[in-house]
Chemist: 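The structure follows.
Chain identifiers are assigned alphabetically (A, B, ...) following the order of the sequence lines, protein sequences preceding nucleic acid strands; residue numbering begins at 1 within each chain.
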Amino acid sequence: MGNPLEGSRGPGYFNESVPLSFVGPPHRGYLPAVSYTDGLNPRQQQAVAHFRGPLVVFAGAGSGKTRVITHRVAQLVGEHGVAPWRILAVTFTNKAAGEMRERLAQLLPSGADDLWVGTFHAVCARLLRRYHEEASVRRDFVIYDDADQKAMVTRILRDMGLDERRYHPRMVAGAINRSKQEGRGVDRFEAGDDFERVVAEIFRIYDQRMQDCGALDFGDLIFRLVDGMRNNPDLLSALQDRFEYVLVDEYQDTNHLQYLLVQMLCERSRNLCVVGDDDQSIYRWRGADRRNILDFTTHFPDATMVKLEQNYRSTKRILRVAHAVVSRNVDREPKELWTDNDEGPRVTLIGCRDERDEAATVVKGMEMLLEAGYARREVALLYRTHAQSRVFEEALRYSELPYRVIGGVRFYDRAEVKDLLAYLRVVHNPDDDVSLLRIINTPTRGIGKTTITRLLDAAAREGVSVWKALQAADSDANQSSSAKKALGRFRALMGTLRELAEQGEGPARIAEVALDETGYLAVLQDEDTAEADARVDNLREVVGSMFEFERDAEEGTLAAFLELVTLQTDVDRIDDDDAITLMTVHAAKGLEFPIVMVAGLEEEMFPSRGAGPDDDPEELEEERRLAYVAFTRAEQRLFLSYALTRRVYGELKYRRPSRFVEEMPREELELVGETSTPRPGRSFGAGRSYGGSGYGGGPGGGRVARQRFQPPAEPPESRVPSGDSYVDSNEVSDVDGVVLRAGMRVRHKKFGIGEVYDVGDGIPPRVTVIFPGWGKKTLVSNYLEPA
DNA sequence: TCCGAATTAATTTTT
DNA sequence: TTAATTCGGA
């Protein structure tokens, strides 16, 4: 950020680009002799000094937004004497909340403990617990994440006997979530077509089941509070009273439901301050509505508007390139960032043959930068989708460069971690069906499919949770005696664990006993594979984090831990290791790095498919904003790369550089590498597939373990000099009905040689082949080769 | 009931 | 290509 106005102004001021852990001991108790607006530019000062009434701050990338928010809060408390607990500051991520709290702790002598700082979800969860009666929710509700939600929906679909192809669990869950995001309930679908009426029916059962389980999904956390305020004037009044000042960060990414919440909270006080940047709105697909910030002055005609357009982060060149792309958007508030920073070097555009060439070149570039004196932590690689990370990880491991991947399979989503947490969740709330069903036979303990089906039948019959059905299983005539025995053992096991909880043991101790008593740990240890070891490590880490939690948290209870964990994402877990950071552009929002590399600047990739000319133009505009976010993460140098050829699901695809590249001013770019377009139909050293040569060991390779300081891997094969001798082994998949024709002879690994009967469609084409002795088989063309 | 094999589905983006 | 789920045999 390097605000020239700040720098070495003495304690109490620090450069925002320096991670907090580097700042040294917090200056707790220190109050600047000057005012909270000192050292800020006039616009920033205006925003900070604003006291009462609505305020909207358009804060461009790197314009010192966080500084403004924290200083404003500090000003409210320190200068206007507002009680900290009457201020609510909502952020987008837990990490942002943590940073804000930390900075405020340094600015305020009284500390930041009493302030309400958190994400919408975390804040609402906390309020729902406090006002559970008024909002009609269970005090001990558990939070279901997307996977839990999907499991719940799937179970309902099966119970209803619906075709899961037509009613896709993800789609149904999406519909349910969308309706909540709009602030509406089941009624959203009741008047719809046949399909929507079925969704409404699923929705109703879903709500009922969730209630029986004492569970709330992410959407519920906000929806139930808003709904409670709508239906209960006492609750509305209590909350309006409680929060005298409300601040919302990243307001451009709020959805309608969040908008409603904020409106209701501030209706009385009107002390609402929203901060955001419509150019950085990148969550439309999740219901975010840029209108919220763009129309703020319509909602509040008396609002003060402040625009922060001075950027303290990037070079002039980087800003020009970013602006060139985003300014193509039609639907946007016109504005342009400017900076006093250096002109800087040109943006480097790297053309590559294929994705492996891209990885090798990018990593080579990183090595050069590191040699030139940059620290690993100063380098970030951004991509559009997680799937892109793999080749880069391989290249980085080969080069023995420490790296970390943010996102992807979230730590708390790993199977073994979820299993352990499921035990704890059932201990906390045995009616939690999804968790109970997850662990009832994990590790296997003789409770098979039939037993579970009978148990579920009994639960449905009685209209009770699975746990309650489990209690009554002994008198269920449908259950065999051996099944009853197994169920009894499981009951006893959970009884032991629940007793621990009742005795006031914390999550860590319960987890240890659970891993021990269930034999879960022993099963893994017996496996004795690299993957199992990694899983054991992960479990250790979870238990370790529980101990840490018990030691540090204000309230180290099981309930508190479970809540924290479900609302936690990987972005929140960026640590201090000196490693290169890999993440999606979405995950990078709000971060900054001296060096930023953005990979995969190709059509269909970035902009992603679905943003094409036939599609919703809004999609393309969002892709542009996404590119804008990516580029403006960079402080000093920006590298962009694309591959002319890429393997998508093992299928070779020819790619064109992204239209965004065309949109950039030529003179700002420095071109490197391959720029010619390859001709389809000729192999040109795309390299052979790895063919499961054991990279990283086990499914998902190194993804099982946390991504840090990986051992060296085998050399990525793009290092092998490529030449004409390399023929793409999957050539047959490039068929599209041209290469593969009915009547052709093909070979399959298992079925041997057969004759093509029919060529169907599908993304990898489906081909029907008659194999002598096997009959007619429909297969994905990838697994066939010409014979 | 359990395990390995076969099939098939999936690729944006996440609180 | 890979991960997840279903299938089929013991």
Chemist: Would you kindly say whether Asn292(A) and Thr254(A) are connected by a side-chain donor-acceptor distance under 3.5 Å?
Modeler: yes
Chemist: To the nearest angstrom, how far is Glu621(A) atom CD from dT13(B) atom P?
Modeler: 22 Å
Chemist: For dT13(B), is there a stacking contact with Tyr283(A), counting only centres under 5.5 Å and planes under 30°?
Modeler: no
Chemist: Can you identify which nucleotide, out of dT12(B), dC2(B), dT14(B), has its nearest atom closest to the Glu619(A) side chain?
Modeler: dT12(B)
Chemist: Could you state the NE2-C1' distance from His586(A) to dT14(B), rounded to the nearest angstrom?
Modeler: 8 Å
Chemist: Return whichever of Ala483(A) or Glu622(A) has its heavy-atom-nearest nucleotide of DNA chain B closer to the 5' end.
Modeler: Ala483(A)
Chemist: Do the side-chain N or O atoms of Thr444(A) get closer than 4.0 angstrom to the phosphate oxygens (OP1, OP2) of dT1(B)?
Modeler: no
Chemist: So what does Phe120(A) hit on the nucleic acid, given a heavy-atom distance under 4.0 Å: a base, only sugar-phosphate, or nothing?
Modeler: nothing
Chemist: Rounded to the Å, how far apart are Lys418(A) NZ and dA3(C) P?
Modeler: 18 Å
Chemist: Can you tell me if Tyr206(A) and Asp217(A) form a side-chain donor-acceptor pair at under 3.5 Å?
Modeler: yes
Chemist: Check every atom of dT13(B), dC2(B), dA10(B) against the side chain of His168(A) and return the nucleotide holding the closest atom.
Modeler: dA10(B)
Chemist: Taking atom C1' of dT14(B) as reference, at what distance in whole Å does atom CZ of Arg178(A) sit?
Modeler: 15 Å
Chemist: Which listed nucleotide (dC2(B), dT1(B), dT14(B)) is nearest to the side chain of Thr450(A)?
Modeler: dT1(B)
Chemist: Within the structure shown, what part of the strands sits under 4.0 Å from Arg646(A) by heavy-atom distance: base, sugar-phosphate, or nothing?
Modeler: nothing
Chemist: Considering the options Glu619(A), Gln252(A), Glu621(A), which one meets the side-chain contact (heavy atoms from CB on, under 4.5 Å) requirement together with Arg284(A)?
Modeler: Glu619(A)
Chemist: Hey, which sits more toward the 5' end of DNA chain B by its nearest nucleotide, Thr119(A) or Thr451(A)?
Modeler: Thr451(A)
Chemist: Using the side-chain hydrogen bond (donor to acceptor under 3.5 Å, both in side chains) rule, take Ser641(A) and Glu358(A) through it: C-alpha gap first, then chi angles, then the decisive distance, then the call.
Modeler: CA-CA 7 Å; Ser641(A) 67; Glu358(A) 183 185 37; 2.7 Å; yes
Chemist: Provide the distance between the two C1' atoms, one in dT5(C) and one in dT12(B), to the nearest whole Å.
Modeler: 23 Å
Chemist: Could you state the CZ-P distance from Arg170(A) to dT8(B), rounded to the nearest angstrom?
Modeler: 19 Å
Chemist: In Watson-Crick or G-U wobble terms, both distances under 3.5 Å, what is the partner of dA10(B)?
Modeler: dT1(C)
Chemist: Just how far, in rounded Å, is C1' of dT12(B) from CG of Leu382(A)?
Modeler: 15 Å
Chemist: How many whole angstroms separate atom CZ of Arg390(A) from atom P of dT1(C)?
Modeler: 11 Å
Chemist: Considering every strand and a 4.0 Å limit on heavy-atom distances, what is the contact class for Gly219(A): base, sugar-phosphate, or nothing?
Modeler: nothing
Chemist: Side-chain donor or acceptor of Arg647(A) under 3.5 Å from a matching atom on the base of dT1(C)?
Modeler: no
Chemist: I want to check one thing: is the phosphate of dT13(B), taken as OP1 and OP2, less than 4.0 Å away from some side-chain N or O of Ser608(A)?
Modeler: no
Chemist: Quick one: is His386(A) getting a side-chain N or O under 4.0 Å of the dA3(C) phosphate, OP1 or OP2?
Modeler: no
Chemist: Name the residue from Glu355(A), Glu604(A), Glu603(A) that meets the side-chain contact (heavy atoms from CB on, under 4.5 Å) definition with Arg655(A).
Modeler: Glu604(A)
Chemist: Nearest to the side chain of Thr385(A) - dA10(B), dT12(B), dT14(B)?
Modeler: dT12(B)
Chemist: Whether the Asn478(A) and Arg454(A) side chains hold a donor-acceptor pair (N or O, under 3.5 Å, no angle test) is what I'd like checked.
Modeler: no
Chemist: Between Arg624(A) (CZ) and dT13(B) (C1'), how many Å, whole number?
Modeler: 18 Å
